[in-house]
Amino acid sequence: MTQQQTPPTLGMGLSPANPEYQKDPFTLLDDVREQGRAVYDELFGRYIVGRFEDVQQILNDRDLNVDPRKADESSFMANFRRRFTDDTREPSMLFLDPPDHDRLRGLVTRAFTPRSIEQMRGRIGEIANELIDKVEGQSSFDLMKAFCQPYPTIVIAEMLGVDPNDQADFKRWTDDGVAAGFDPFAGEEKQQRAKVAREQLETYLRKAIAERRAEPKDDLITALLHAEDEGNFFNDEEVVSMVALLLGAGNVTTTDLLGNGLKNLLQQPDQVQILRDNPSLITNAIEEMLRYEGPVTFTGRIAVDDRELAGCPMHRGQSVTLAIGAANYDPRLHKDPHKFDVTREDIDHLAFGGGRRYCLGAPLARLEAQIGLETLLARFPNLRMPEQELVWKTVPGFRGLEKLIVEV
């Protein structure tokens, strides 16, 4: 085949460092997707795949790696390797390949079950209302700070059995850790904040684990300690890593799902009215929010050997960046993909990934988003979004707002 080359500036163009990308990444991703099935990015040494069918197929390919230690030295994924420099510990489950990934995933699914999530339904509604109570009477407020940011943190913290007085620390540790942990080009200051946050979180969790071993409780930390799968158990350090992953991957992405989704909804009052007139569409609306501007725009895989992916020959260790934000806008799948429509039928998206790495927290994220949206619409009959300059976070691969001012 004839290899299609992107301009050398493409890599910088598809990053939060580019104001044009921050404002509208999906139009830029359209251009990349339509250049070819696999487009080479010379700047960052990676292939970008953006067509829905190709991205889905690669996500479902059980033979591909994610461990950055297995990436070619010149590839994009190799940049993540410094996260483990001078660190003898294994990375989190998110960056492990089988059999280690499968063992840990098998264990966590024994503790983080659909039943344990569903049991939180009533309490999640209470948390949503408690947060709204705090802004009751205000004519306007920052929805991110008041609701979208603390809401998922409180939910997962209560599932873990964390003291309510410590929840603000959990949010800070999560934000600082994700800001550098998922940014292969993070500066020294950001990396240092992440290091401090990680150390403080791990110290806290080791103490909590020791307390649960001495006196078990009805919470997720205890469930992780007691989880058993085919004779396997977590050790304490694996529990620390798993809790940190649940906090980082769960809190930030659910925050951004809500923030992005509410922004898109409130920008179109007719869509808000549709949901007010027909609340049964809220579940569908969450799926459209995930498709239209989900919290994750990119994920990655590493070729385990010389093979063809998306119609393109790739060598062992080659980085492949999967543009989820491009795939979800593929006109081959969705008619008028740049239209936000809560009544859209047969919504299909890859916001939660796929295959063996399909997001473990997807059921909780969906439940939190549904309850959060229902509660906000019920409590604020005149909820609206005034004109404002939107400020986006600058973590590569993620899409989320710094703030979102609303009026009630």
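Worth knowing before you read on, the calculation uses all heavy atoms, side chains too, and leaves out hydrogens, waters and symmetry mates.
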Run the side chain to side chain donor-acceptor pair (under 3.5 Å) check on D256 and T253 step by step: do they pass?
CA-CA 5 Å; D256 294 341; T253 51; over 6 Å; no

Worked verdict on M242 versus F112 for side-chain contact (heavy atoms from CB on, under 4.5 Å):
CA-CA 11 Å; M242 190 59 65; F112 196 59; over 6 Å; no

One pair to check against side-chain contact (heavy atoms from CB on, under 4.5 Å): F141 and I405. What are the steps and the verdict?
CA-CA 6 Å; F141 56 88; I405 304 301; over 6 Å; no

Can you check side-chain contact (heavy atoms from CB on, under 4.5 Å) on Q318 and L309, steps first, answer last?
CA-CA 11 Å; Q318 175 66 55; L309 294 173; over 6 Å; no

Salt bridge (Lys or Arg N to Asp or Glu O under 4.0 Å) evaluation trace for R51 with D330
CA-CA 6 Å; R51 297 186 183 179; D330 194 335; 5.9 Å; no

Hey, mind stepping through R357 and D97 against salt bridge (Lys or Arg N to Asp or Glu O under 4.0 Å) and telling me if it holds?
CA-CA 10 Å; R357 299 182 184 280; D97 297 317; 3.3 Å; yes

Begin from the C-alpha positions of R206 and D236 and carry the test side-chain contact (heavy atoms from CB on, under 4.5 Å) through to its verdict.
CA-CA 7 Å; R206 289 190 183 99; D236 286 5; over 6 Å; no

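Side-chain contact between E402 and K393 is present, with at least one heavy-atom pair separated by less than 4.5 Å. You'll find the side chain of N260 reaches within 4.5 Å of the side chain of W392, heavy atoms only. Within the 4.5 Å cutoff, side-chain heavy atoms of R121 are placed close to those of I371. Here the side chains of L275 and L373 are in contact, with some heavy-atom distance below 4.5 Å. Put simply, the side chain of L14 reaches to within 4.5 Å of the side chain of I48, judged on heavy atoms. You'll find the side chain of P337 reaches within 4.5 Å of the side chain of R291, heavy atoms only. Using a 4.5 Å heavy-atom cutoff, the side chains of F352 and R366 are in contact. The side-chain heavy atoms of L376 and L143, taken from C-beta on, include a pair separated by under 4.5 Å.
Electrostatic pairing of K339 and E288 does not count as a salt bridge here, judged by no charged N lying under 4.0 Å from a carboxylate O. Salt-bridge annotation for D100 and R103: absent, with no side-chain N of the basic residue lying under 4.0 Å from a carboxylate O of the acidic one. In summary, E126 and R123 engage in a salt bridge, as defined by a charged side-chain N under 4.0 Å from a carboxylate O. Checked for salt-bridge contact, E53 and R332 miss the test: no charged N lies under 4.0 Å from a carboxylate O.
Judged purely by atom type and a 3.5 angstrom limit, T375 has no side-chain atom pairing as donor or acceptor with the backbone of N129. In terms of modelled atom types and a separation under 3.5 Å, the side chain of T203 and the main chain of E199 share a donor-acceptor contact. With hydrogens and angles ignored, the 3.5 Å screen pairs a side-chain donor or acceptor of Q388 with a backbone N or O of P386. At least one donor-acceptor pair under 3.5 Å links the side chain of R33 to the backbone N or O of A326. Not a single donor-acceptor pair under 3.5 Å links the side chain of R37 to the backbone N or O of C312. For R356 (side chain) and R62 (main-chain N/O), a donor-acceptor pair under 3.5 Å exists by modelled atom type. Judged by distance alone, the side chain of R110 and the main-chain N or O of H226 form no donor-acceptor pair under 3.5 Å.
In this structure, the separation between NZ on K195 and CD on Q200 is 10.5 Å, given to the nearest 0.5 Å. Distance check: L246 CG to L364 CG gives 9.5 Å after rounding to the nearest 0.5 Å. With values rounded to the nearest 0.5 angstrom, T283 atom OG1 is found 9.5 Å from L367 atom CG. To the nearest 0.5 Å, atoms CG (L28) and CD (Q22) are separated by 12.0 Å. Atom CG of residue N278 and atom OG1 of residue T343 lie 10.0 Å apart, to the nearest 0.5 angstrom. Residue L59 holds its CG atom at 10.5 Å from CD of Q57, rounded to the nearest 0.5 Å.
Side-chain polar atoms of Q273 and D277 form a donor-acceptor pair below 3.5 angstrom. Between the side chains of Y204 and D169, no donor-acceptor pair is found at a separation under 3.5 Å.
Across every non-hydrogen atom of N65 and V304, the tightest pair is ND2-CG2, 3.6 Å. Looking at every heavy atom in both residues, V320 comes nearest to V49 through CG1-CG2, 3.9 Å. Contact record, R399 with D24: NH2-N, 4.5 Å, taken as the closest heavy-atom pair. Of all non-hydrogen atoms in T321 and F76, the two that sit nearest each other are OG1-CD2, 4.2 Å. The two residues N284 and V342 come nearest to each other via the heavy atoms ND2-O, 2.7 Å. Between L262 and M289, the shortest heavy-atom contact is N-CE, 4.3 Å.
Residues in residues 134-151 take part in these side-chain hydrogen bond (donor to acceptor under 3.5 Å, both in side chains) pairs, two or more places apart or across chains: E136-R379.
The side-chain contact (heavy atoms from CB on, under 4.5 Å) test applied to R384 returns N382, E407, not counting sequence neighbours.
Ring-plane geometry between F298 and Y21 is classed as parallel, the angle between the planes falling under 30 degrees on a 0 to 90 degree scale with a further cut at 60.
Side-chain rings of Y292 and Y329 approach one another, their centers coming within less than 6.0 Å.
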